[in-house]
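From a predicted model like this one, the values you see are computed outputs, not experimental measurements.
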Amino acid sequence: MRTRRRIITFMIGAIVLAVPARGQGTVPSALASQYVDERAGVGLDTAIARALDREPSLRAVRWDIEVARGLRQQAGLRPNPTLTLERRDEPAGSDNLTSVGIEWPLELFRRSGRVQTAERGLQATQFAVADRERLLVADVRTQYGVAAAAVRDVIVADELVAAARRQWDVVRARVEAGVTPPLERDLLDVELRRLETGRLLAAGRADVAVVQLKQLLGMSPDEPLLLGETLEALVAGSTSEAASAVPVSMATRPDVREAEVRVTLADARVDQARREGRVDVSLFGTYMRMDAGFPQQGVGGMGALERVRGRFNYVAGGAMVMLPLFNRNQGQVAAAQAERSGAETRREAAELAARAQVAAAQARDAQAQQAVSLYAGGVRTLARQNLNVVRQTFDLGRATVFDVLTEQRRYLEIEQAYTTALREAWEARAALKRALGETK
């Protein structure tokens, strides 16, 4: 009996020690390989580039730039002249009148104001699209971290399930050998089923996170997507980038720049409204040919009787002046001035929001990095060692199965808390980059 117990003890110790700790060369499980491939998977930079190129809503917004360019081109065009043709015939006689006229608006003051407004509108649209790109990059960066965190939960859950299944196999063998009561086998069986359920739920969350990431990348849910970076690699890379990063001015944020351009756009509209209320001139010219006569006859130049008839040509030209006596576009000017006041207020709000976002993101990032550093100081390694010791103690008969289950759940909680800390650190760094206006 003692010899059999020693053999089983050696088997359990070998199984437990064969399970490596996370962060110390752990090979991803077969289930986790469905989500991560560090060689052939899509890295964060590739994901961002793909989103900027393929995301449908961004591509739709980019057409607004072409619309604004068309409006700018249209604003620079001069008005077309107006050509009029007229023909009059007398029903009871042979008299007729033919005239040709042309009218050409000069737009002495209006064209420049219209062009300036269209130019400012184009700039505002370009900054609006750039801000949409900034938000999309931030969403991709955040969702990539969410997916990586969900995959890490799958890896941890899969490792615990594998270890619990091996432990249950050993205890079952001990029960069959008659050295362990069946209750310990049943307790481990319940724990194994609980861990398997948790693994399935973790896999479901990972599937959802990956599908949401595909949507941001402009991919169909049916297209395959493997992550190329783990959550630990993402956090470590962002920390090294922060050490050498150059501070970015908030004035370069596209939404702040857009708010500033909106103010200049409002100024341009005020100027355009005033210009449209000024005096304007249109040139015109006409040519008229009249063929008229009378039924009486008279003596012609050759001394013969001829009908009294003549053909006459008239040329006229002049200018029409629009006098702003009553309508000087007062209402449009007032509306544009009010719009300008609102744009100025929104610019102040955008700058205030940008400063607040940067300050909040910096505070969140600092605390999250400290939390990750605490776990990196050996807490997880110690938790793994404690679990191994409790398992070996249980094998020697100096601990109960409840001690093993308690320590195993504590280890799972620590790993889950570490994943939460890593995810928080990544999201905090992503929020900071978003607040600073970074798009890389």
Side-chain angles (χ1 to χ4, degrees), residues 63-125 264-340:
W63 283 108
D64 293 342
I65 297 179
E66 299 303 321
V67 173
R69 285 175 177 167
L71 294 176
R72 182 186 62 177
Q73 180 183 7
Q74 182 63 35
L77 300 178
R78 296 186 178 277
N80 294 319
T82 302
L83 180 66
T84 59
L85 298 175
E86 185 179 5
R87 170 75 178 185
R88 296 182 184 181
D89 290 310
E90 182 180 355
S94 59
D95 296 348
N96 60 76
L97 175 67
T98 304
S99 64
V100 179
I102 186 171
E103 181 180 349
W104 198 310
L106 296 183
E107 281 197 333
L108 299 178
F109 307 103
R110 300 183 180 185
R111 179 173 173 270
S112 59
R114 189 171 62 244
V115 171
Q116 186 178 11
T117 300
E119 183 67 30
R120 295 294 183 271
L122 174 59
Q123 293 178 1
T125 302
T264 62
L265 174 60
D267 290 333
R269 286 175 176 169
V270 172
D271 180 68
Q272 180 183 358
R274 288 173 176 169
R275 289 175 178 272
E276 291 178 351
R278 296 180 183 177
V279 63
D280 201 2
V281 177
S282 296
L283 300 180
F284 70 90
T286 59
Y287 166 75
M288 183 173 60
R289 181 178 183 277
M290 184 173 60
D291 185 356
F294 302 95
Q296 293 81 5
Q297 293 183 343
V299 179
M302 301 299 295
L305 293 176
E306 297 178 0
R307 183 184 175 188
V308 178
R309 188 176 189 84
R311 293 181 176 85
F312 308 92
N313 298 293
Y314 300 92
V315 177
M320 293 187 298
V321 181
M322 190 278 291
L323 300 177
L325 298 179
F326 308 104
N327 180 7
R328 295 188 299 274
N329 226 18
Q330 300 96 320
Q332 191 66 31
V333 171
Q337 290 175 340
E339 182 182 356
R340 200 270 181 199

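Taking every heavy atom of both residues into account, Pro81 and Trp104 meet most closely at CB-CE3, 3.8 Å. Ala68 and Thr125 get closest at one heavy-atom pair: CB-OG1, 3.9 Å. Contact between Arg69 and Leu122 at its shortest, heavy atoms only, is CG-CD1, 3.6 Å. In terms of heavy-atom proximity, Asn80 sits nearest to Pro105 at O-CD, 3.9 Å. For the pair Ala319 and Leu283, the tightest heavy-atom approach, listed with the atom from each and the gap, is CB-CD2, 3.8 Å.
If you take CD on Glu276 and CZ on Arg269, they are separated by 12.0 Å, rounding to the nearest 0.5 Å. Here Asp271 contributes atom CG and Thr264 contributes atom OG1; the two are 12.0 Å apart, rounded to the nearest 0.5 Å. Rounding to the nearest 0.5 angstrom, the gap separating the CE atom in Met322 from the CG atom in Leu108 is 10.0 Å. Going from atom CG of Leu97 over to atom CG of Asp89 covers 9.0 Å, rounded to the nearest 0.5 Å. The CZ atom of Arg120 sits 11.5 Å away from the CZ atom of Arg72 when rounded to the nearest 0.5 Å. Remark: Asn313 CG to Thr98 OG1 distance equals 10.0 Å, nearest 0.5 Å.
Between the side chain of Arg114 and the main chain of Ala75, a donor-acceptor pair closer than 3.5 Å is present. With Arg328 contributing its side chain and Gly277 its backbone, the two residues share no donor-acceptor pair below 3.5 Å. For the pair Asp291 (side chain) and Asn96 (backbone), a donor-acceptor distance under 3.5 Å is absent. For the pair Arg275 (side chain) and Phe109 (backbone), a donor-acceptor distance under 3.5 Å is present. Checking side-chain atoms of Ser282 against main-chain N and O of Met320 turns up no donor-acceptor pair under 3.5 Å.
Atom CZ of Arg311 sits in a sparse spot, with 12 or fewer heavy atoms from other residues, nucleotides or ligands closer than 6.0 Å. Around the CD atom of Glu103, the shell of radius 6.0 Å holds more than 12 heavy atoms that belong to other residues, nucleotides or ligands. Heavy-atom neighbours of Gln330 CD from other residues, nucleotides or ligands within 6.0 Å: above the threshold of 12.
At least one side-chain heavy atom of Thr117 sits under 4.5 Å from a side-chain heavy atom of Leu265. Residues Val100 and Leu83 are in side-chain contact: their nearest non-hydrogen atoms beyond the backbone lie under 4.5 Å apart. With a 4.5 Å cut-off on side-chain heavy atoms, Gln337 and Arg274 count as touching.
When the side-chain hydrogen bond (donor to acceptor under 3.5 Å, both in side chains) test is applied to Glu86, the partners found at least two apart in sequence or on another chain are Arg88, Ser99. Residues that satisfy the salt bridge (charged side-chain N to carboxylate O under 4.0 Å, His left out) test with Arg111, not counting sequence neighbours, are absent from this structure.
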